[in-house]
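A, B, ... follow the sequence lines: proteins, then strands. Residue 1 opens every chain. Just so it is clear, the structure is predicted and the values come from calculations on it, not from any experiment.
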2 protein chains.
Amino acid sequence: MTKSKILLVDDEPDVLEILSYNLENNGYKTFKAKDGKEAIEKAIKILPELIIMDVMMPNMDGIEACEILRKDPKFKNTIIMFLTARAEEYSHIAAFQAGADDYVTKPIKPKILLSKVNALLRRLNQDNISEGPIEIGNFVIDAEKYNVLFNGKYFVLPRKEFELLFLLASKADKVVKREMIMERVWGSEVIVGERTIDVHIRKLREKFGDNYFKTIKGVGYKFAKS
Amino acid sequence: MTKSKILLVDDEPDVLEILSYNLENNGYKTFKAKDGKEAIEKAIKILPELIIMDVMMPNMDGIEACEILRKDPKFKNTIIMFLTARAEEYSHIAAFQAGADDYVTKPIKPKILLSKVNALLRRLNQDNISEGPIEIGNFVIDAEKYNVLFNGKYFVLPRKEFELLFLLASKADKVVKREMIMERVWGSEVIVGERTIDVHIRKLREKFGDNYFKTIKGVGYKFAKS
DNA sequence: TGTTTAATTTAACTTTAAGTTAATATATCA
DNA sequence: TGATATATTAACTTAAAGTTAAATTAAACA
């Protein structure tokens, strides 16, 4: 993979230097701009993956620059991160509304900065193709809305029930082993009894009928479309 | 929500048919054009949300059509997506330069096509939220004026309350996780107790009633239109 | 600049719901 | 059939959220 390009925007050369130093040392290619106007010009040429930008700048501030960039489809996948002084009691909302993805407060702590940058760029590179609700049989299972549309009726399930249903439905027609269910729904740290899964399956059957959740004895369960 | 309109442009009727079939089956309204020239004429009438267009066409190719469309402010929010044969790798650069948002390679794989179309249109619909006040249910929430019109009455909320309401309303019907609320309303560096969110939710419920703010236990809250 | 008022947070406590267990019943398969 | 796995229930435990009042902090104002 090629180095990610990061555009740094701040009116203080010192800040640019700190940012650049830390990011270059961690394998990123950095570029600098001194205000919002220059940032936009450079962004168009460079097409960076990430822009780290001060909120308060002369000429054109970060929020305004962010809004302009967000209107250009070329930057629809570009991550924009703000720098704010802790003192500035500005509302985060303005920044997020303008299309920011995250922010870091000054003074900059290199560790925090890097962990955020890494996290954001990792997220960018992950394909988010498998988004949206699962539609299967009579079910529409929407993890975002946390609800289940079943035969035209909405259900709001308790968390574990929902996660169990979601897991089974997302592997429809395939057997999900009990240990896999444990791992996915309860996690490898929690220790709960074996019957717990059964009880939750039962709750699902109570709500949606017996047909959809098939027991594979000695193995696990599978979701059947009908 | 009304069906999104998609304009399909290709000189091969077969390709138009495949696209149309898959998209109509997924709740989109489609229109067809056989070259760039016809595409522009139809686009002006239809004002589609999305245009899917072959790069190589007789009369006027996709790139040229895209450039022309991009000059017209009517289409500043229209998404343009190209179809390219896998071989013609070179054209991607030209396409993006002309203002394309995405591309899909032929032969068309319906699943990939649909996930891209869904993702692009979802993003389009979200972006529009950031401009002007949010109108939802009985609420008109204006982040610029920092006020809330609810059932014909104006409210001026304290900052945190407002930001919480704004956040939930801007993702109406979707669950906003507690950690996301923390991050967005309080910021990732401030450390406040868990109950703080609850208390603010309670304040909102006091003002606007219990119906609008739904608890998803173990996850977060969601704004319900009614 | 101190004073007052409002906003925000905390802490203690209550309520509610979710999740688990364990005992018993039932089903399944060799 | 008999061994073994799963199903079912109800009782219980734990976790999460709701509520209130008091304490803290920030904002407004004279």
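Taking a cutoff of 4.0 Å between a charged side-chain nitrogen and a carboxylate oxygen, A:Lys37 and A:Asp35 do not qualify as a salt bridge. Taking a cutoff of 4.0 Å between a charged side-chain nitrogen and a carboxylate oxygen, B:Glu206 and B:Arg202 qualify as a salt bridge. Between A:Glu163 and A:Arg184, none of the side-chain N atoms (NZ, or NE/NH1/NH2) sits under 4.0 Å from a carboxylate O, so this pair counts as no salt bridge. Between B:Arg178 and B:Glu194 there is a salt bridge, since at least one side-chain N of the basic residue sits less than 4.0 Å from a carboxylate O of the acidic one.
Within 4.0 Å of A:Tyr221, counting heavy atoms only, lie sugar-phosphate atoms of the nucleic acid but no base atom.
Residue A:Thr215 places none of its side-chain N or O atoms closer than 4.0 Å to OP1 or OP2 of D:dA5. Close to C:dA17, at under 4.0 Å from its OP1 or OP2, lies no side-chain N or O of A:Arg159.
Paired with B:Glu161 under the rule side chain to side chain donor-acceptor pair (under 3.5 Å), one option of B:His200, B:Lys203, B:Lys207 passes, and it is B:Lys207.
For the contact set between residues 191-203 of chain A and DNA chain C, defined by any heavy atom under 4.0 Å, the members are A:Val192, A:Gly193, A:Thr196, A:Val199, A:His200, A:Lys203.
Taking the centre of each ring, A:Phe155 and A:Phe162 stay at or above the 6.0 Å mark.
Counting heavy atoms from C-beta on, the side chains of B:Val176 and B:Phe223 never come closer than 4.5 Å. Looking only at side-chain heavy atoms (C-beta outward), B:Leu50 and B:Met81 come within less than 4.5 Å of each other.
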Write out a two-atom table: protein N or O, nucleotide N or O from nucleotides 27-30 of chain C, distance below 3.5 Å.
residue, atom, partner, partner atom, Å
C:dT28, O4', A:Lys217, NZ, 3.3
C:dT28, O2, A:Lys217, NZ, 3.1

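Smallest separation of non-hydrogen atoms from B:Gly187 and A:Tyr103: CA-OH, 2.6 Å.
Using the six-membered ring where Trp is involved, A:Phe208 and A:Phe213 have ring planes that are tilted, between 30° and 60° apart.
Axis deviation across the helix from C:dT1-D:dA30 to C:dA30-D:dT1 amounts to 40°, comparing end segments of five pairs, rounded to 10 degrees.
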